[in-house]
Amino acid sequence: MSWQDHDTATSHFIDSSDEPGLRLHIRAHDDDPARAPVLFVHGATYASRLYDIAHPGASWLRATADAGMAAYALDIRGYGQSRSMVIGRTSAPYARATDAIRDIDDAVAWICARHGVSQIRLVGGSWGSITTALYSSTIGAGRVARLVLYAPIYAEQNSGWHRVLADLHDPTRLNPSFGAVRLVTEGATRARWDAEMPEGVDWRDEAVFQALVQSSLADDPCAVHHDPPAFRAPNGTFVDLWEAFNARPLYDPEDLACPTFLIRGGADPTSTRTDALGLFDRIASEEKHYTEIANGAHFVSAEKRAHLVFGAVVQFLR
């Protein structure tokens, strides 16, 4: 069976209140209005597909729905099926965190209206931990009942990412060649992921990996026009990550008042233990938790130990 046979989510499209003509895509499982809703927000590269990998046992949305909740995942503008008409007309990095929180707000408002509730449970991963924490501490304060920061990034010097993002001629500034978007290939994803695992050890399932990559390529109609096939990912995230990886925070964790759960893979070089624990200590909420999954990388939620992530988060959410 192919990944398409396991692609069972419902799609909703809602109008953006911030960018004219933009229709935001929301993926859903068991979205009965009588259920308590949970919204997942993705990171810098892979969109909502990361939370709904079309392979048996690999969908975090499916696991959340099986636990009795209505599970939603948003494609931020320019990602996945949230196709922007602006993105092709700008050369500047597109879709920063300050834009993303407007998309999150639109999704939260739509979901709350659909379910007749005033608050939502919110999960953000990687760059999505920045956007969801920024949302929860600013325009979304009071609308988030519980917050999960998966593979959290806060504000710590990160030399590995500094080398990736810095201007080759002036390492004190972001590389000015980054345009609105970048192209993401299977090979680039595999190389990055492999570099996070010990030599001779594979924490991934190849079928899960292929389902994630191939479905993400299928969401971008331009992917087939590249050799090798590649989908587009906005570069606004690089501006935000440049700040975070130079120890300049994009939000104030002392403004996070809702119950908050931090969870990361133990071998993750992007969301480091020191950065995550530094964030944990600064969060103002009286209820906060930290969990680490051993033998897991940045994409631990898509690896063989993903069920441990799903279980821990479901327990906190409900």
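For clarity, every value in this text was computed on a predicted model and none was experimentally measured.
- Between Val314 and Met69, some side-chain heavy-atom pair lies under the 4.5 Å cut-off.
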| message | Set out, in order, the CA-CA distance, both residues' side-chain angles and the distance that settles side chain to side chain contact (heavy atoms under 4.5 Å, CB included) for Leu134 and Leu250, then state yes or no. | response | CA-CA 7 Å; Leu134 177 63; Leu250 289 120; 5.6 Å; no
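- For Ala257 against Ser285, the heavy-atom pair with the smallest separation is O-OG, 3.5 Å.
- Linking Ile, Leu, Val, Met, Phe, Trp and Tyr residues whenever their side-chain heavy atoms come within less than 4.5 Å leaves Phe299 and Phe310 in two separate clusters.
- Using a 4.5 Å cut-off on side-chain heavy atoms (C-beta onward), Leu317 and Val123 make contact.
- No donor-acceptor pair under 3.5 Å is formed between the side chain of Ser11 and the backbone N or O of Ala9.
- One finds the OG1 atom of Thr291 at 10.5 Å from the CG atom of Leu308 (value rounded to the nearest 0.5 Å).
- Checking each of His29, His12, Arg114 against Tyr72 for a side chain to side chain donor-acceptor pair (under 3.5 Å) leaves exactly one that passes, namely Arg114.
- Here the CD1-CG distance, from Ile87 to Asn235, works out to 9.0 Å after rounding to the nearest 0.5 Å.
- A donor-acceptor contact shorter than 3.5 Å links the side chain of Ser82 to the backbone of Asp75.
- Within the 3.5 Å criterion, the main-chain N or O of His55 finds no donor-acceptor partner in the side chain of Ser59.
- Here the straight-line distance linking atom CG of Asp52 with atom CZ of Arg62 works out to 9.0 Å at 0.5 Å rounding.
- Asp103 places a side-chain N or O within donor-acceptor distance of the main-chain N or O of Arg77, the cut-off being under 3.5 Å.
- In the hydrophobic clustering of ILVMFWY residues, with side-chain heavy atoms under 4.5 Å counting as a link, Leu61 and Ile26 come out apart.
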| said: Quick one, Leu174 with Glu243, criterion side chain to side chain contact (heavy atoms under 4.5 Å, CB included). Give me CA distance, side-chain angles, the key distance, then yes/no. | reply: CA-CA 9 Å; Leu174 179 68; Glu243 296 301 306; over 6 Å; no
| Chi angles and distances behind the side chain to side chain contact (heavy atoms under 4.5 Å, CB included) call for Phe316, Arg121 | CA-CA 10 Å; Phe316 170 77; Arg121 296 162 174 84; over 6 Å; no
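- Between the side chain of Ser136 and the main chain of Ala133, no donor-acceptor pair closer than 3.5 Å is present.
- In this structure, Val117 shares a hydrophobic cluster with no other residue, the cluster being traced through Ile, Leu, Val, Met, Phe, Trp and Tyr side chains under 4.5 angstrom apart.
- Taking the side chain as every heavy atom from C-beta outward, Asn175 and Phe238 never approach each other to under 4.5 Å.
- Between Gly142 and Gln119, the closest heavy-atom pair is O-NE2, 3.0 Å.
- Side chain to side chain, Glu303 and Trp193 meet the donor-acceptor criterion of an N or O pair below 3.5 Å.
- Separation of the Tyr150 and Trp60 ring centroids falls under the 6.0 Å cut-off.
- Annotation: side chain of Tyr46 is in contact with side chain of Thr189 (closest heavy-atom distance under 4.5 Å).
- Of all the heavy atoms in Ala47 and Gly80, the pair that sits closest is CB-N, 3.7 Å.
- Between Tyr135 and Leu147 there is no side-chain heavy-atom pair separated by less than 4.5 Å.
- The OG atom of Ser129 lies 11.5 Å from the OH atom of Tyr154; values are rounded to the nearest 0.5 Å.
- Side-chain contact check for Leu212 versus Arg204: every heavy-atom pair is 4.5 Å or farther apart.
- When all heavy atoms of Ser271 and Ala151 are compared, the pair lying nearest together is OG-C, 3.2 Å.
- Looking at Val239 and Phe178, their side chains never come closer than 4.5 Å, going by heavy atoms from C-beta outward.
- Hydrophobic cluster membership differs between Leu262 and Val313, with clusters built from Ile, Leu, Val, Met, Phe, Trp and Tyr side chains linked at under 4.5 angstrom.
- Using cut-offs of 30° and 60° on the angle between ring planes, the pair Phe13 and His25 is tilted.
- Residues Asp219 and Arg27 are paired through a salt bridge, judged by an N-O separation under 4.0 Å between the basic side chain and the carboxylate.
- Of all non-hydrogen atoms in Ile130 and Ala97, the two that sit nearest each other are CG2-CB, 4.5 Å.
- Between the side chain of Thr260 and the main chain of Lys288, no donor-acceptor pair closer than 3.5 Å is present.
- Val208 and Ile53 make their closest contact through O-CG2, 3.6 Å (heavy atoms, listed as atom of the first residue, atom of the second, distance).
- The residues Asp106 and Arg102 are annotated as not salt-bridged, no charged nitrogen and carboxylate oxygen being separated by less than 4.0 angstrom.
- More than 12 heavy atoms of other shown residues, nucleotides or ligands fall within 6.0 angstrom of atom CD in Glu287.
- Using modelled atom types, one finds no donor on one side chain facing an acceptor on the other under 3.5 Å when comparing Gln214 with Gln4.
- Not counting sequence neighbours, the partners of Glu206 by the salt bridge (charged side-chain N to carboxylate O under 4.0 Å, His left out) test are Arg190.
- At least one donor-acceptor pair closer than 3.5 Å links the side chain of Arg318 to the backbone N or O of Ala67.
- Distance check, rounded to the nearest 0.5 Å: CH2 of Trp110 to CG of Leu74 gives 11.0 Å.
- By the rule that hydrophobic residues join a cluster once side-chain heavy atoms approach within less than 4.5 Å of another member, Val148 and Ile120 end up as members of separate clusters.
- Between Gln81 and Arg23, every side-chain heavy-atom pair lies at or beyond the 4.5 Å cut-off.
- Cation-pi contact between Arg146 and Phe261: absent, since separation from the ring centre below 6.0 Å together with deviation from the ring axis within 45° is not met.
- Grouped with Leu168 in a hydrophobic cluster is no other residue, since no side-chain heavy-atom contact under 4.5 Å to another Ile, Leu, Val, Met, Phe, Trp or Tyr is found.
- Judged as a salt bridge (charged side-chain N to carboxylate O under 4.0 Å, His left out), and not counting sequence neighbours, the contacts of Arg35 are Asp30.
- Ring geometry for Tyr51 versus Phe40: interplanar angle of 30 to 60°, hence tilted.
- Asn295 CG to Trp203 CH2: the interatomic distance, rounded to the nearest 0.5 Å, is 5.5 Å.
- For Arg232, the salt bridge (charged side-chain N to carboxylate O under 4.0 Å, His left out) partners at least two apart in sequence or on another chain are Asp220.
- For residues 252-272, the pairs satisfying salt bridge (charged side-chain N to carboxylate O under 4.0 Å, His left out) are Arg264-Glu292, with sequence neighbours left out.
- The aromatic rings of Tyr290 and Phe280 lie perpendicular to each other, with more than 60° between the two planes, well past the 30° mark.
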| message | Under the criterion side chain to side chain contact (heavy atoms under 4.5 Å, CB included), I'd like the reasoning laid out for Phe245 against Ile153: C-alpha separation, chi angles, the key distance, then a yes or no. | response | CA-CA 8 Å; Phe245 293 138; Ile153 298 168; 3.8 Å; yes
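- A donor-acceptor distance shorter than 3.5 angstrom exists from the side chain of Asp5 to the backbone of Ser2, with no hydrogens or angles considered.
- Although no hydrogens or angles enter the test, the distance criterion places a donor-acceptor pair under 3.5 Å between the side chain of His42 and the main chain of Ile76.
- In terms of modelled atom types and a separation under 3.5 Å, the side chain of Arg305 and the main chain of Ala294 share a donor-acceptor contact.
- Residues Ile263 and Leu122 fall into different hydrophobic clusters, defined by Ile, Leu, Val, Met, Phe, Trp and Tyr side chains chained together at heavy-atom separations under 4.5 Å.
- Note: Tyr79 and Phe231 fail the aromatic proximity criterion, with ring centroids not under 6.0 Å apart.
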